[in-house]
Amino acid sequence: MKQGNPHLILKQYFGFESFRPMQQEIVETVLAGNDCLALMPTGGGKSVCFQVPALTLPGICIVVSPLIALMKDQVEALHANGVSAGFLNSTQSAEAQYKLENDCLAGNIKLLYVSPEKLLSAGFFSFLKRLTVNLFAIDEAHCISAWGHDFRPEYTQLKYIKEQFPNVPIIALTATADRLTRQDITKQLGLANPEVFVSSFDRPNLSLAVRPAKKRLNVIYDFLNTHKNQPGIIYCLSRNMAEQLTQKLVNEGYKAACYHAGLSVNARSKAQENFLKDNIQIICATIAFGMGIDKSNVRWVIHYNLPKNIEGYYQEIGRAGRDGAKANALLFYSYSDVMLLRNMLGEGVKEQVDLQLTKLERMQQFAEATMCRRRILLQYFGETLVKDCGNCDICRNPPATFDGTLLAQKALSAVARMQEKASLGTVIDVLRGSRSQVIMQKGYHTIKTYGAGRDVPYLDWLSYLHQFLNSGLLEIAYDEGYALKLTERGKAVLFNAAKVDLVKFEPYAEKEEAKEDKRTKKEIIQDELFEKLRSLRKKLADANQVPPYVIFSDSTLQEMAQEKPTNRVAMLAITGVGMVKYENYGHEFINEIIQFVTSQQEQGNKVKGATHLITYEAYKRGLSLEAIATERKLNLVTVYSHMATLYEQGYDIDISRYISKKEYLAIEPVIAKWGADAKLKDIYEALGEQVDYQKIRLAISIFKRRNS
Ligand code: ADP
Ligand code: ZN
């Protein structure tokens with residue numbers, strides 16, 4: 001049977017000009033009939049890796065996904081691109097399932113999404129054997145491994161796929177997998193010599209920042225102020241916190257809703273639906289939220305509390321900016337969250353607890369770090385970034401260091417004098433000469449270093465002590481009530497005056513406030529158009545009962561706002577505008593852009609591509625070219641060249657009114673010889689200086705349109 005051309009399919013259905021580097025290799029591997037394992041960050045573009053082969057090969061692709069809530073969304077997105085797809089899971093009626101199965105048997109479905117339960121249910125394999133399955137895609141493949149952070153026992157049964165369909169390639173996809181998980185996936189799925197593709201986990205469009213948790217609500221208000229209308233998620237550690245925070249935001253007038261596992265199914269799906277449809281801006285959620293959503297225009301993720309591990313953190317922030325447009329990740333860090341998380345981990349199998357504790361420590365180190373955050377994250381996933389990223393808080397405000405030897409000696413001496421029995425908070429209290437009950441009771445107010453650091457504020461001390469921990473001068477004895485202990489390096493500082501560099505503590509919030517609107521006029525106009533396109537998208541989405549990002553992604557709208565396409569060719573050149581979407585929505589977006597551009601021009605703002613559109617309007621009003629030239633105070637030659645451009649771009653223009661067939665035929669051979677992009681002057685001379693420039697310009701536009 002015939003194979004399609006993957007590049008054409010990519011353009012036609014998805015509107016993408018080219019594959020991302022890893023996608024191309026993966027697609028080729030799958031098309032060659034080989035198994036593979038694809039590791040890509042969230043937003044890396046995994047779907048294309050199986051959707052394009054599914055459309056390229058004859059037959060049907062079976063996509064196994066544990067995220068039932070996501071299926072509907074993915075299928076909707078495929079439909080919007082003109083791809084026939086369906087899903088089968090427990091949420092459907094028997095009737096709907098039966099109908100879809102018949103559609104599959106009739107060969108009308110190219111991608112079928114199923115839950116693992118459905119795949120393994122009685123009779124399903126024999127149903128599949130009646131189809132021509134071209135590929136099995138196992139999404140969220142890390143769920144198969146007990147080493148991962150999201151183990152699902154039912155996933156281990158997927159090994160039957162290979163037994164039943166030894167000749168059908170399998171592609172396993174995941175956004176998180178360390179070496180162990182990777183091995184597990186390969187082994188458990190019984191993949192045959194799979195090619196393993198590890199794409200960079202870097203998400204350069206995500207701006208990273210960590211702030212102290214103190215007064216975080218105010219920081220959040222400031223943040224929301226500078227990110228108006230942008231949808232985002234705030235992750236909280238507990239249901240209670242999520243609820244309280246939602247209430248506060250709602251009281252402040254924000255459109256926010258709460259999402260956690262304790263709410264009714266109804267309340268949850270309502271919150272999710274409203275968020276997907278851009279009816280509400282903010283979701284305050286526990287980690288229960290997000291696995292089930294594919295919203296590509298989440299513009300920011302805030303962690304109200306510290307996440308349990310870097311895998312979870314990275315996955316959660318990865319939900320922002322999946323469309324590749326700029327997005328923000330902001331994490332609030334407090335030591336009390338660390339304590340809380342440690343206590344939550346307390347019970348269970350010892351090895352599991354130890355593993356989780358180690359992961360939490362890495363998370364904490366990340367939060368406290370004074371070097372490029374992205375480097376740390378990528379290092380964690382085994383990838384080395386050769387340069388600082390320039391898009392994290394540390395890179396933006398590179399910390400100044402100073403000689404902190406004296407401060408270190410004070411702190412270390414306090415630790416020593418309390419017999420290494422005091423916790424971090426107590427050490428600070430002693431340094432600052434606090435009269436707290438604990439200190440009085442234990443008699444710490446009598447030690448020599450009591451009050452020796454009175455001049456340094458609490459938060460500064462906190463930062464310095466974290467740095468001492470990070471640089472290994474101190475360590476925490478988790479099994480002794482979190483008492484601080486001196487390390488060998490710490491002793492060298494205390495007793496031998498080894499030098500210590502410290503990063504100056506600066507409250508982040510204050511710095512950021514100085515930020516002003518640095519956009520150029522052009523960018524401001526672009527943003528204005530983006531907002532217009534966003535409203536249009538929302539209107540169309542509501543009319544079609546789909547989430548807005550299913551119509552076009554934010555990055556597609558941004559490209560439109562920048563390029564301002566006002567005709568078919570230009571619109572189809574925008575990333576994310578495929579054939580079906582162009583046919584369904586292209587005109588309305590073009591109209592919106594034309595309207596915007598002309599109104600800007602009228603206000604005296606120069607906008608790219610505007611001038612010939614105004615000429616077009618006048619032409620549509622029935623004015624002659626001379627009248628247009630007079631009205632617009634333009635040279636007649638200019639108006640002719642507008643007409644030529646318009647005609648070339650496919651506008652509805654009766655060109656024969658300005659150049660006769662005979663005239664054209666006389667010019668055509670010269671254009672053919674010199675090329676349509678030759679200088680007008682050359683063609684003019686080649687024609688013996690007998691033909692007007694404007695006729696030549698018109699003839700070129702006809703030539704180009706005919707030969708495009
Ligand atoms: P993942 O499943 O890995 O999280 P998706 O498949 O949802 O990622 O893709 C993330 C985003 O990248 C989507 O908005 C998608 O439209 C876009 N995208 C994917 N592949 C390409 C490509 N080749 N060119 C342009 N955009 C792409
Ligand atoms: Zn950085």
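Numbers here simply count residues along the sequence, with the first being 1. Just so we're clear, the structure is a prediction, and the values are computed from it rather than from any experiment. Atoms within a ligand are numbered from 1 in the order they appear, just like the ligands themselves.
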| query | Under 2.8 Å from the Zn ion (ligand 2), how many protein N/O/S atoms can be counted? | reply | 4
| Taking the non-hydrogen atoms of R20, is any one of them nearer than 4.0 angstrom to ligand 1? | yes
| query | On the ring face of F87, is K72 found with NZ or CZ under 6.0 Å from the centre and within 45° of the axis? | reply | no
| message | Just to be sure I'm reading this right: ignoring hydrogens, which of F552, F16, F14 gets closest to atom 26 (N) of ligand 1? Compare them by their nearest heavy atoms. | response | F16
| query | Taking non-hydrogen atoms only, is S18 closer than 4.0 angstrom to ligand 1 via side chain, backbone, both or neither? | reply | backbone
| message | Tell me whether the rings of F50 and Y113 are parallel (<30°), tilted (30 to 60°) or perpendicular (>60°). | response | perpendicular
| task | Look at atom 8 (O) of ligand 1 and say which protein heavy atom is nearest, naming residue and atom and giving the distance to 0.1 Å. | result | G45 N, 3.1 Å
| message | Please work out, at 4.0 Å between heavy atoms, whether the side chain, the backbone, both, or neither of A175 comes within that distance of ligand 1. | response | neither
N/O donor to acceptor pairs below 3.5 angstrom from side-chain atoms of residues 543-550, sequence neighbours left out:
from, atom 1, to, atom 2, distance (Å)
N544, ND2, L540, O, 2.7
Y549, OH, D73, OD1, 3.3
Y549, OH, D73, OD2, 2.7

| message | So for ligand 1, is Q23 a polar contact partner (N or O within less than 3.5 Å, distance only)? | response | yes
| query | Of the backbone atoms (N, CA, C, O) and the side-chain heavy atoms from C-beta on, which set of S553 has a member under 4.0 Å from an atom of ligand 1: side chain, backbone, both, or neither? | reply | neither
| query | Between R373 and F366, is NZ or CZ placed under 6.0 angstrom from the six-membered ring centre and within 45° of the ring axis? | reply | yes
| Relative to the heavy atoms of R322, which atoms of ligand 1 are at a distance of less than 4.0 Å? | 1 (P), 2 (O), 4 (O), 7 (O), 8 (O), 10 (C), 11 (C), 12 (O), 13 (C), 14 (O)
